[in-house]
Amino acid sequence: MKVQFVDLKAQYASIKDEIAEAIDGVLGSCAFINSRSFEADFAGFIGTQYCVGLGNGTDALCLAMQAAGIGRGDEVITAANTFIATAEGITYTGATPVFVDCDPVSYNLNPELLEAAITSRTKAIIPVHLYGQPADMDPILAVAEKHGLMVIEDAAQAHGALYKGRRIGTLGRMACFSFYPGKNLGAYGDAGAVTTDDAELTTTIRKLSDHGSDVKYRHDFPGMNSRLDGIQGAVLSVKLKHLEDWTEKRIAAAARYTAGLKDVCVVPETASDVRHVFHLYVIQVENRDELMNHLNEQGIGCGIHYPVPLPLTPAYAELGYEAEQFPVANRIAGKIVSLPMHGDLTDTMIDRVVDQVGAVAGG
Ligand SMILES: *Cc1c(COP(=O)(O)O)cnc(C)c1O
C-alpha cells in the first residue's frame with residue numbers, strides 16, 4: 001500500500017460533483033476574472049471585514065507589504081526557516097529581509113530574539129504560522145507595538161488555525177494566504193488572498209492587483225495583474241465548506257502519528273493555547289537520509305520543509321549571514337522530515353507509516 005504525501009486525487013473524488021456544478025456556473029456566467037463571492041466567504045470564515053483575492057500567496061505578501069508603504073531602505077523581520085516566498089515579498093518591495101532564529105519546540109519565530117533585530121530602519125515583522133501552528137503572537141504584537149512596527153501574518157500554512165481562541169488571519173494588520181493546490185485550502189491552480197479589517201489597505205491592494213485601477217482605464221499608480229480568477233474562486237468556495245472537516249481529520253491523523261512515534265523520534269509539540277491545523281507533520285531524526293530512502297522504497301511520501309534556512313540560501317547570500325547566527329534553524333534543517341499529511345489518511349495508512357518510521361528511525 002502506497003501512502004501519498006498529499007492526496008489531491010482522493011480529495012477531488014470526494015467532491016467531484018460539487019466542483020463540476022460550481023465550475024459549470026462560472027462557465028455559464030463567463031465571470032472569469034475576480035471572485036467577489038469567494039472573497040466574502042473567506043472573510044466570513046476568517047472573521048475579517050475584508051478579503052482581497054489575488055493570483056497567489058507570494059503576490060499576497062508582495063502587495064500587502066507594498067500597500068503598507070514598505071520600500072527601499074526599509075528592513076522587515078521574518079523567520080529564518082520558512083518558504084522563500086515570505087522573504088521574496090520583502091525583497092519585491094526593495095526592502096531588506098532581516099532573519100531571526102526559531103524556537104526549538106514550535107519551530108516558529110522566537111519572539112525573544114526580535115528586539116535585538118530591530119534597527120531604526122525596521123518597518124514590519126512577518127511571523128509565519130509554520131506547518132499550521134500559530135506563531136506566538138502576543139509577545140510579537142507587544143514588541144511591534146512598543147517599536148511602532150506593522151505585523152503582517154504569513155498564514156499560507158494555517159487556514160483555520162486558532163491562537164488563544166482567536167482566528168489566525170485576524171491578528172496582524174493584514175494576513176497573507178496561499179491557496180496553492182497542496183495547501184490546507186487549495187485551489188485547482190494558483191490563488192492567494194489578503195485578509196484585513198483596514199479599508200484603506202484593502203483598496204490599495206485591490207488597485208495594486210489590477211493595474212493601479214478601480215475605475216476602468218483610470219490608473220492612479222502602476223500596479224500589476226494579480227487577481228483571483230472566477231473558476232478558482234468557485235472551487236475554493238466549494239472546498240471552504242469542507243475545510244473544518246478536513247482540518248479535524250488532519251488533527252486526528254497527527255494525534256495518531258504522535259501516539260505511535262513519541263518514543264521513536266522527536267514529534268511535533270502543540271502549544272496548549274493554540275489550534276495547530278497540521279499543514280505538515282514534521283518529525284526530527286538523526287538518520288534522515290536513511291529514513292527517507294527507506295520510506296521512498298516503501299512507497300511512502302515524505303519531504304523536507306525546508307532543507308536550508310533562507311539566510312543561507314544562494315538567493316540571500318549577499319546579505320552575508322553565517323550559519324552560527326541561526327543555531328536552531330540550522331540544526332533542525334538537518335534532521336526534519338515531513339510525513340504524509342492530508343484529510344484522506346486512514347488509520348491503516350498512518351499505522352503503516354508509524355511502523356516504517358519505527359523500523360529505521362534513530363532519534
Ligand atoms: C506556500 C507558501 C507561500 C506562497 O504561496 P504561493 O501561493 O505558492 O505563492 C508563502 N509563504 C508560505 C509559508 C508558504 O508555505
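Order of appearance sets the numbers: ligands from 1, and atoms from 1 within every ligand.
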S.K.: Of all the non-hydrogen atoms in the protein, which one sits nearest to atom 2 (C) of ligand 1, and at what distance?
M.R.: Lys183 NZ, 2.6 Å

S.K.: Quick one: nearest non-hydrogen protein atom to atom 9 (O) of ligand 1, plus distance?
M.R.: Thr58 OG1, 2.5 Å

S.K.: So is Asp190 close enough to ligand 1, meaning a heavy atom under 4.0 angstrom away?
M.R.: no

S.K.: Can you see which heavy atom on Arg250 is nearest to which on Phe278, and at what distance?
M.R.: NH1-O, 3.0 Å

S.K.: With respect to Tyr180, determine whether any N or O atom, backbone or side chain, lies less than 3.5 Å from an N or O atom of ligand 1.
M.R.: no

S.K.: At what distance is the nearest protein heavy atom to atom 13 (C) of ligand 1, and which residue and atom is it?
M.R.: Asp154 OD2, 3.5 Å

S.K.: How close does the nearest protein non-hydrogen atom get to atom 15 (O) of ligand 1, and which residue and atom is it?
M.R.: Gln157 NE2, 2.8 Å

S.K.: Please check if the distance between the ring centroids of Tyr131 and His305 is under 6.0 Å.
M.R.: no

S.K.: Suppose we measure from atom 10 (C) of ligand 1 to each protein heavy atom; which comes out shortest, and what is that distance?
M.R.: Ala85 CB, 3.5 Å

S.K.: Does Phe179 reach ligand 1 with a nitrogen or oxygen that is under 3.5 Å from one of the ligand's nitrogen or oxygen atoms?
M.R.: no

S.K.: Is ligand 1 less than 4.0 angstrom away from at least one heavy atom of His279?
M.R.: no

S.K.: Of all the atoms in ligand 1, which lie at a distance below 4.0 Å from a heavy atom belonging to Thr82?
M.R.: 13 (C)

S.K.: Going by the side-chain hydrogen bond (donor to acceptor under 3.5 Å, both in side chains) test, which pairs reach into residues 1-22, not counting sequence neighbours?
M.R.: Gln11-Lys239, Glu18-His242

S.K.: Is a side-chain N or O of Thr78 found less than 3.5 angstrom from the main chain of Ile126, in a donor-acceptor match?
M.R.: yes

S.K.: Could you tell me whether Phe38 and Phe179 have their ring centroids closer than 6.0 angstrom?
M.R.: yes

S.K.: Output the list of atoms in ligand 1 that are nearer than 4.0 Å to some heavy atom of Val128, sorted by atom number.
M.R.: 13 (C)

S.K.: Contact between Leu61 and ligand 1, counting heavy atoms under 4.0 Å?
M.R.: yes

S.K.: Do His159 and Phe45 make the cut of ring centroids closer than 6.0 angstrom?
M.R.: no

S.K.: Could Arg227 and Phe32 be counted as a cation-pi pair, given that NZ or CZ must be under 6.0 Å from the ring centre and within 45° of the axis?
M.R.: no

S.K.: May I ask you to say whether Asp214 pairs ionically with Arg206, meaning some side-chain N is under 4.0 Å from a carboxylate O?
M.R.: no

